[in-house]
Amino acid sequence: MRKIKNTKAILFLPLIMISCGQNKVDYKDPSQSVEDRVESLLSQMTLEEKLEQINILVLGKNENVNNVAEISDPTGRKITPEIGAVIALGPDVDIINEVQRKAMEESRLGIPILVANDIIHGCRTLFPMPLAQACSWDRELVYESARVAAKESYLSGIRWTFSPMLDVARDGRWGRVAESYGEDPYVNAEYAKEVVKGYQGENLSDKYSIAACTKHFVGYAYSQSGRDYNPTEVTDLALWETAMPPYQAAIDAGAATVMSAFNDFNGIPTVANGALLNDILRDRLGFDGFVVSDWRSVEQLVAQRYAEGPLEAGVMSINAGTDMDMYDYIYSKFLGQAVEEGKLDESVVDQSVRRILKVKFDLGLFESPYTEKLEDSERYLSPESRATSLALAERSMVLLKNEDNTLPLSKDVKKIVIAGPLAGNKVNMMGTWRGFSSEADVVTIIKGMKETFGDNAQVEYVDGVSFESTSPQFATNLKKAAKNADVIVLALGEQQYWSGENGAKASIELPQSQSEAVKIAKELGCKVVVLTASGRPIAISELEPHADAILHMWQSGLYGGNAVANILSGKVNPSGRLAITFPYCTGQIPIYYNRRVNARNKWGRGQGEYRDAPIDPLYEFGHGLSYSDFEYSDIRADKTVFSKDDKVRLTVDVANNSDIDGEETLFWYVDDLVATRTQPIKKLKLFEKKMVKANGKTEFVFEIDPMRDLSFVDEKGNTHLEKGDFNIIVKDKVVKIVLE
Ligand code: GLC
């Protein structure tokens, strides 16, 4: 680490303190205001200490906990006692506490280190991927999963998680679609609130509260061709209409930090894009926490041909509003020189340090820097946490097809044959970013099916179908096993690393061999149930015709095997609905429900269509089947002509014409028929999931607030509410209302 030459600052330090009068507040005194504590501490820091504070490295697993003095990041760089933050790669409380002890006792000012990790969908109790969770339409359960994740993280020594990811994802080729809450900005915004509140609790300083980090600000999901780290061209309208609402929601929910993204945003990489980070994120959205760069993204400005060298990259990034530098050590190594050479004003460094210290004080880190040492059984996998994970897996799975009520399986089923690469697999059910979870905790599909059906039926696994090939013997072996079988269950899908970061795919079709396996099964004459697992929407039009039923199980965390068995047996009535469109084929991408009309949409079929594929997706946003039989009434409006200050109360009754209790999610869409900016054919403005008892009826209500629900945003982020006709749409029901 570079020594700062301006030693005279240290010699005159006492004078500086007295002169600016900050020494009257003891920053270690919790009775003082956070603001005063920050200023008091900042005024005592040397430039070198400040530059360490805006730096985050990785705390590698040190095999020998006794020589923690040698603790370092995997490249061997020292974790100094003055460093601002570390990403802890493991839940080893001894190592984390020792690093913290050095910061508190061996540094001059005793500033605690902020310890982070990517807890994306659970810590040790792993939950389904965020995209799966979005398909549950269960705000409370998503909130609860974040609460569990926060508590287990806190007990692992983690006080900051790089989550939730709020990139509205509409390109299934992009691997990180798995970490999003789907294609709709309102849906991402709704879950953003729940997850931020779940992580941060009532107060950041409460026990089990950890700081959220909403990411990746902004436009990362527009990565060209779906390839990670590619440049993005984002129109102003897309920025404000689609990308921004989830961040506004997260900031309004109090998100403590934001992570800037990797992408080159319209020619200015986000990490150094002051218009985005200072003008929009802070001045327009009102964010007052700190921004951390993504992994070495300051350094990558040189590779992106935006910075001459690392010093310029650092200066541009911190001036643009990126407060903390992740892992490329540029701020620590070069900004002292930049200040000395007059290329960077120290007040900019102060501003970043101030923001970081505020979060540390808000977290109560100065008062409670250490983590209680507990047994894993005391800090992880409580019965309640496991129940939450199972419930979320059950409620996020989506029944895509159920020909002739193939599902649920009859209680008299005597033989079930299971095949496919996911049948006995653990790691690929967990998805990307596994936190501190363990493969050993995963319940496989075979295990789940045997637990549920094994007492009354034979459950037999047939090998031979792997992710990308099917053995020549498979057909023969399956035929033999399927003799007298009631059903063949094929557990198909993606490998864990086929999605996630840097997990782009040029084709979202499943491998041909998997579709072949379905055809082979179907030729044997018994029912074929296909389970598909993936972190992204997959194109399964090839296998779809040969399957009697298709249940999309996503990457379901620890208990996917139990969730699948509970749904196939009818113990659980599937209630998941798609939060992202499933294209008919990759060539349709980008395809999403809230699209604008084709110019010739009134000229009949053939106009603006493909020569070689349909224009409709295989499964629409919101699609999902139930074992119940729901029937919707017409939409009733308490008024159809109204003014901007009125509320319009809309009601729909949903009847359940079956003997099976079922939960239905009602999607209320708005269609602004004519506007001074063309509007999508429909925009989701409310979703609500409720139980509809067997042979009963449940009322769903949407009270329209015109400014909230009928307005639109323009390319400058300005909101407009215009008079005219609006269609309100629920499933196939429509009512027109008129704003005068
Ligand atoms: C990764 C990801 C980001 C993650 C960070 C720290 O490259 O882009 O989402 O939080 O680095 O692991």
Side-chain angles (χ1 to χ4, degrees), residues 55-61 73-75 77 83-91 114-123 129-131 146 149 153 156 158-169 174-181 188 192 195-196 199 210-223 226-232 246-247 250 255-265 269-271 289-301 303-304 317 322-330 431-437 497 499-504 535:
N55 185 26
I56 174 171
L57 287 180
V58 170
L59 180 57
K61 178 105 179 80
D73 83 357
T75 62
R77 285 186 267 201
I83 198 164
V86 296
I87 301 172
L89 293 186
L114 186 51
V115 183
N117 189 277
D118 289 278
I119 304 296
I120 308 299
H121 55 111
C123 182
M129 287 302 297
L131 184 54
S153 299
S156 305
I158 304 301
R159 306 291 285 276
W160 181 27
T161 179
F162 300 132
S163 169
M165 190 191 94
L166 300 177
D167 303 307
V168 177
W174 187 53
R176 304 199 76 167
V177 62
E179 302 170 57
S180 78
Y181 292 90
N188 277 269
V195 177
V196 167
Y199 287 147
I210 63 175
C213 181
T214 58
K215 66 185 185 181
H216 307 79
F217 193 81
V218 69
Y220 184 25
Y222 290 82
S223 293
R227 289 171 45 210
D228 232 337
Y229 322 128
N230 248 3
T232 59
Y247 285 98
T257 71
V258 166
M259 183 182 290
S260 54
F262 287 124
N263 50 301
D264 174 330
F265 183 92
T270 57
V271 69
F290 75 81
V291 174
V292 62
S293 66
D294 201 342
W295 189 270
R296 299 179 60 176
S297 58
V298 173
E299 179 186 51
Q300 82 179 25
L301 288 173
Q304 286 173 302
S317 299
T322 294
D323 301 301
M324 184 182 274
D325 172 25
M326 184 184 291
Y327 201 68
D328 52 34
Y329 226 28
I330 284 187
T432 183
W433 300 114
R434 297 171 30 190
F436 299 143
S437 62
Y497 67 88
S499 59
E501 183 174 353
N502 206 10

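In this chain, residues are counted from 1 in sequence order. Everything quoted here is computed from the prediction, not taken from an experiment. Read the numbers this way: they start at 1 and go in the same order the structure lists the ligands and their atoms.
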heavy-atom search around atom 9 (O) of ligand 1 in the protein gives His216 NE2, 2.6 Å
Can you pull out the closest protein heavy atom to atom 11 (O) of ligand 1? Residue, atom name and distance to 0.1 Å, please. Asp294 OD1, 3.1 Å
Is the side chain of [X] donor-acceptor paired with the backbone N or O of [Y] at a distance under 3.5 Å, no angle test?
X      : Y      : result
Asn55  : Ile83  : no
Asp118 : Ser163 : no
Ser297 : Phe262 : no
Ser223 : Thr232 : no

Can you check whether [X] has an N/O within less than 3.5 Å of an N/O in ligand 1?
X      : answer
Glu501 : yes
Asp118 : yes
Tyr220 : no
Trp295 : no

With heavy atoms only and a cut-off of under 4.0 Å, state how [X] meets ligand 1: side chain, backbone, both or neither.
X      : answer
Trp433 : side chain
Arg296 : neither
Met165 : neither

If we number the atoms of ligand 1 from 1 as shown, the ones under 4.0 Å from a heavy atom of Lys215 are 3 (C), 4 (C), 9 (O), 10 (O)
Only heavy atoms of Phe262, strictly under 4.0 Å: list the atoms of ligand 1 that pass. 7 (O), 8 (O)
Among Asp167, Val195, Leu131, Val168, exactly one meets side chain to side chain contact (heavy atoms under 4.5 Å, CB included) together with Tyr181. Which residue is that? Val195
Just wondering, do Thr214 and Pro164 contact through their side chains at under 4.5 Å, heavy atoms? yes
Considering only heavy atoms from C-beta outward, does the side chain of Asn230 approach that of Trp174 to under 4.5 Å? no
Within less than 4.0 angstrom of ligand 1, does Glu179 place any heavy atom? no
Take Thr161 and Tyr199, measure what side-chain hydrogen bond (donor to acceptor under 3.5 Å, both in side chains) needs, and give me the verdict at the end. CA-CA 8 Å; Thr161 179; Tyr199 287 147; 4.7 Å; no
